[in-house]
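Below you'll find the structure, written out as structure tokens, and then a few comments.
Chain A is the first sequence line, chain B the second, and so forth, proteins listed ahead of strands; every chain is numbered from 1. Note: hydrogens, waters and symmetry copies are ignored here, and every other heavy atom, side chains too, is used.
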Amino acid sequence: MVTETTNSRNVGDGVSKYSLKLKEVEEYTRRVWDAEKPYFAKPRPGQPKRFVTMPYPYMNASLHVGHAFTASRVDAYARYSRQKGFNVLFPFAWHWTGEPIVGISKRVTEGDPSLIKTLTELDGVPPSELHNFKDPYYIASYFTSTGRAALKRLGASVDWSREFATAHNPAYSAFIEWQYFSLREKGYVVQGTHPVVWCPRDKSPTGDHDRSQGEGVSPDQMYLVKFVLDPSKEGKRDADLSGVFLVAATYRPETIFGATNLWVNADKQYVLAEVDSERWIVSEYCANVLAEQRRSVRVLKKMPGLTLVGLTASQPFAKTPLPVLPASFVDPTFGTGVVYSVPAHAPYDYLGLVELQTKAEAELRKIGLDPVVVKGIKPVSIIEVEGHGDYPAIEEVQRLGIHGVSESAAEKATSNVYKLEYNKGELKTNCTGFEGMKVSLAKQAVYEKLREMKLADIYLELPQPVVCRCGTRCVVKILENQWFLKYSDTNWKNRVLRELAQMDVYPQDSRKMYEDTVAWLQDKACVRRSGMGTPLPWDREWIVETLSDSTVYMAYYTIAPYVASGRISANQMKKEFFDHVFYGVGDPSEVSKKTGVDPLLLEEIRSEFLYWYPVDLRNSAKELIPNHLTFFLFHHCALFDERHWPKAVSVNGMVTVNGGVMHKRLGNFVPLSKALEDYGADVTRCALLGGSENLDDPDWNTTVVRSVTENLYAFVELVERASKEGDYIFAEQRLGEWVYARLKRRASEVSSNLEVMRTRSALNEALYGPWDDLRRYWKRAGDTSRRVEKTYLIEWLKLIHPFAPHIAQWGYGVLGGTGLIEHQGFPDTTLSEEEQLLLVQEEYVDVVAEDLLNLIRLVQNKGSAEVAYSSELKRRVAKALVTNGSVPVKVTPDVIKLVSQEIGDKAKAAQLAQRIVKSLSEWRTQPPKLVSQLIDEEADTLIKAAPYLEKTTGLRISVCAEEESADMRRSANSAPLKPTITIS
RNA sequence: GCGGGGUUGUCCGAGCUUGGUCAAAGGAGACGGAUUCAGGCUCCGCCGCGUAGAGCUGCGUGGGUUCAAAUCCCACACCCCGCACCA
């Protein structure tokens, strides 16, 4: 309730004043609904049905205006469909599966201040409730109950008897178990091994949203190249290095031919380790990562980087000795911490080499290097690039003016050279076995050759550092034995494409997005280790992940009321039960024996499913196309008969607030409950629906909300006056008929727009359109009372009902209607011939009025105007032209022939034809018959409209035929439906 | 990198798939006027140019096809959005 204080504080604020009235209206209607309970949907055999859904929202927060937008669209469609005579089911449920709810409970337990602030300030959680939020179940229940309340208040016509949550719900779990057993049986759930970004501390994959750094980074494939160390130099290092590999990581194995030396970071820690029964030297960090990538790793000995400097390893092909040198740019946490140096083609290597070579000899000796060897190293050119010299790396370093490895431009130079050589380079003759090969191809070829020699391998690395929210640096892990949905399956994909082809997809533009998603989709992990949800029935360590337990649950809506009422229980919901309900498998009495469900009840549930399924429309935000909505299609065609595949999907943009993406962190989060409290349900609905209807994002802002408030209020006022001031009829009969005809046409527009989920167009037509018609009526009929017939208002209320149901129901009641307005059907949309003519005639009057106004602006002396319609002869010609089949748009020889036949004067025919056709062509979209009638009644229409034209223009209007005109020279120019105007 | 979408009058936004009904819907807003004690609402007018009209110029830029293009074709520029084990 709005209190007295709120009221007085806001005096002067127009919105608030109107909002009060609108809230009274809202409460009126809520009382009606509470009494009538109109939205419980029961199967009614014989009556056509529509089953409409939106994805259940995730319950880690309050519902916001974005949810309200989607819900309003579905609700508008649902309400409209009921008016059209469909038996509509609009169910709702709550998504509890997954990690975030648990995450919140953890953070509350830890006392995270920013989270607590968000909960209390943005989600509106009373501080007294907070201590309960240590329990994830409580959190989910809390937001579910506030969400339900908000949605009810929004006026969503939901059948709440089917409500459920996806966790802590044995019956739903039974359904998910059935789903996954079935998918597995069909071969769509498989076990697999895939690389993931992994947090070693959390021991779980780290998705984008779980990262404090490195969003969007995914594993990249690198190549390991193993260099055999020369054991003769082991001496002072107290380790047996025979057969030991120094393992370098690279993106460019083909450059091995240009290697002049190896780099290690002398200041970092390396290890000698047994890796898959070989002995490798890599950085200590890398050894840990290797263990995550399906290798057995046993560290034998730590080896400081410095101890590696001065060793020699041999080039794998030529076996030439390559010295191991120190380089500060080598990162031990990237790759193996060992790289091989190709100064001719890698800017870092060149810069590092120059840096080392310019050091004092004594310094080199101090770290165990022979100055002669170091200074003797020369870049080896192995790649030919047209238009470039032998050393692209050196060229690029000089071009960018780089002097040292620590300069950031070195990064840029590296990528430039890489792109250049990859796209345009060829290997030179010194690359034995690969001469003349394109770099782009050589990369793989060289790797394979090395692999054959057992000197190369694959390594997965993150191109940029990724840090988990918990603060831990992430690595690439190859996760084994995880369960996947086999979305890569070609047959499955083809089935989905077929499904898609026979579905309606709104808006049209989005169809391609689904097709692309289907094509692009790979196997998807469908289980997680933690979070709320249903354990994978055959491997209970895993929980069915949230995007994977939400794909066919719409079918569960047909069972849910039986669970809710206690007529069936979770332990009865065995495979046989679902197979029977969804597929009709098994004899009821036998299924009954196995499940304990009464055979009659079993048949009732089966027929309930058959009645409601398939889903007729699923609407959501566009961001769900690449995931949920496409999964929804995949699972349906995996699990259900073709006749149960969805009929239509539609998407909308995401609501922005004051132009920005709604985000709690940005503080522009608008909870639905707050919007409802501030502005009321119908305003919230209409403001959102009026915002957008295609893939664009509607914006929620005060300007829009205010204007919608004013508009709705004006409408309410109109209704209220009509209810108080007694009966009124449109006195001007002809125009009264016109107003009704216009309404029919608008209803037809509303209808065709809603059918394809163009909710904004529909709303605009329903809400604003009739105002224009009425204004015109009042003006045209000279009616200053600005009143409306009740019957008309009731038709208008029916039109508005899908969008502003509270006002519609209230208005209906106030005007003396009984029961629910939605039972009164949708306004008639069929126009009689008379009505069509009426509409066209008024359009004609408008054109004349426009011409008059146009002229007035150009003329000074204005007192009166003469409107001269064309002669009998011209009209005859024009009618001959239109009755000829269609309204002419172009002067053709046929037209001229016809005209000259009519007037019997060939010379004049062409000119006349031109003028007449031009005039007629303006009416080309109208049926010829109608145009012909319009011509017949042109004079009459003008005469009747004269008073209106006078009022509009402020001129005295006289209407006459062209031959009676005071200015015959001008009136000779007249054409049918194009009178001449003379102002004097 | 891969893929998708977009660029319209002061702003938002329809229309472009099936070229002519498009100076271009609808909404918002500015301005002038009416009403009002006053503000808001409401109402009338008006918002590219054009002093007798049925025209001109215009829908990111440049070119093309056509009797005719916001709408079709080509090139260019700029902007936005997805890319997974997560809701």
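One atom, CH2 of W483(A), and another, P of rA84(B), lie 24 Å apart when rounded to the nearest Å. As a whole-Å value, the separation of M513(A) CE from rC83(B) C1' is 13 Å. Put simply, NZ on K622(A) is 8 Å from P on rG82(B), counting in whole angstrom units. To the nearest angstrom, P of rC44(B) lies 12 Å from CG of L774(A). Atoms CZ (F715(A)) and C1' (rC41(B)) sit 17 Å apart, rounded to a whole Å. Computed from coordinates, the Y844(A) OH to rA54(B) P distance equals 18 Å when rounded to whole Å. When the C1' atom of rC85(B) is taken as reference, atom NZ of K486(A) falls 18 Å away, rounded to whole Å. We find that CG of L624(A) is positioned 16 Å from P of rA84(B), with the value rounded to whole Å.
Side-chain polar atoms of D699(A) and T656(A) form a donor-acceptor pair below 3.5 angstrom. S488(A) and D523(A) share a side-chain donor-acceptor pair at under 3.5 Å. In summary, the side chains of S761(A) and E693(A) do present a donor paired with an acceptor at a separation below 3.5 Å, with no hydrogens or angles considered. Side chains of T97(A) and T166(A): a donor on one and an acceptor on the other come within 3.5 Å. Side-chain atoms of W198(A) and S204(A) include no donor-acceptor pair closer than 3.5 Å. No side-chain donor-acceptor contact under 3.5 Å links E962(A) and S965(A).
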Study note, to complete from the structure: Intra- and inter-strand pairing of RNA chain B, written as dot-bracket with Watson-Crick and G-U pairs under 3.5 Å and | for the latter, reads ((((((((.[[[..)....(.....]]](.((((.......)))).)((.....))...[[[[[..)....]]]]])))))))....

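The listed nucleotides are rA84(B), rA28(B), rC85(B); the one nearest the side chain of L521(A) is rA84(B). Ranking rC43(B), rA28(B), rG40(B) by closeness to the E710(A) side chain, first place goes to rG40(B). Of all nucleotides listed (rC85(B), rG82(B), rA54(B)), rG82(B) comes nearest to the side chain of P626(A). Among the nucleotides rC85(B), rA54(B), rG82(B), the one closest to any side-chain atom of P205(A) is rC85(B). The side chain of R706(A) has rG29(B) as its nearest neighbour among rA54(B), rG29(B), rC85(B). Residue K524(A) has its side chain nearest to rC85(B) when only rC85(B), rG53(B), rC41(B) are considered. With rC85(B), rG53(B), rA84(B) as the choices, the nucleotide that has an atom nearest any side-chain atom of Q522(A) turns out to be rA84(B).
Residue N711(A) places at least one side-chain N or O closer than 4.0 Å to OP1 or OP2 of rA28(B). For R786(A) and rC41(B), the shortest distance from a side-chain N or O to OP1 or OP2 is not below 4.0 Å.
H194(A) comes within contact range of at least one nucleobase, with a heavy-atom separation under 4.0 Å. As judged by a 4.0 angstrom heavy-atom cut-off over every strand, K512(A) is placed among residues touching the sugar-phosphate backbone only. Within the nucleic acid shown, L695(A) has no heavy atom closer than 4.0 Å to any nucleic acid atom. If you check every strand for non-hydrogen atoms under 4.0 Å, L479(A) touches nothing. Within 4.0 Å of S510(A), counting heavy atoms only, lies no atom of the nucleic acid at all. Heavy atoms of K978(A) sit under 4.0 angstrom from at least one base atom. Using a 4.0 Å heavy-atom distance criterion, D516(A) is classed as a sugar-phosphate-only contact.
For the P atoms, the distance from rC80(B) to rU42(B) is 37 Å, rounded to whole Å. Comparing rG27(B) with rA75(B), their C1' atoms are spaced 36 Å from each other, to the whole Å. Spacing of P atoms, rC22(B) relative to rA34(B), comes out at 35 Å, to the nearest Å. Nucleotides rC78(B) and rA68(B) place their C1' atoms 30 Å apart, quoted to the nearest Å.
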Check your understanding: Can R511(A) and D516(A) be said to form a salt bridge (charged side-chain N to carboxylate O under 4.0 Å, His left out), step by step?
Key -> CA-CA 9 Å; R511(A) 182 180 288 275; D516(A) 288 339; over 6 Å; no

Practice item. Walk me through it: do S62(A) and D123(A) pass the test side chain to side chain donor-acceptor pair (under 3.5 Å)? Key: CA-CA 6 Å; S62(A) 322; D123(A) 284 310; 2.8 Å; yes

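The residue among W520(A) and S707(A) whose nearest nucleotide of RNA chain B lies closer to the 5′ end is S707(A).
Under the 6.0 Å cut-off for aromatic ring centres, Y553(A) and Y56(A) qualify, their centroids lying closer than that.
Rounding to the nearest 0.5 angstrom, the gap separating the CE atom in M968(A) from the OG atom in S974(A) is 10.0 Å.
Using a 4.5 Å heavy-atom cutoff, the side chains of E938(A) and Y844(A) are in contact. F803(A) places a side-chain heavy atom less than 4.5 Å from the side chain of V750(A).
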Practice item. Starting at the 5' end of nucleotides 13-18 of chain B, put B wherever the base has a protein heavy atom under 4.0 Å, S where only the sugar-phosphate does, and a dash everywhere else. Key: SS--B-

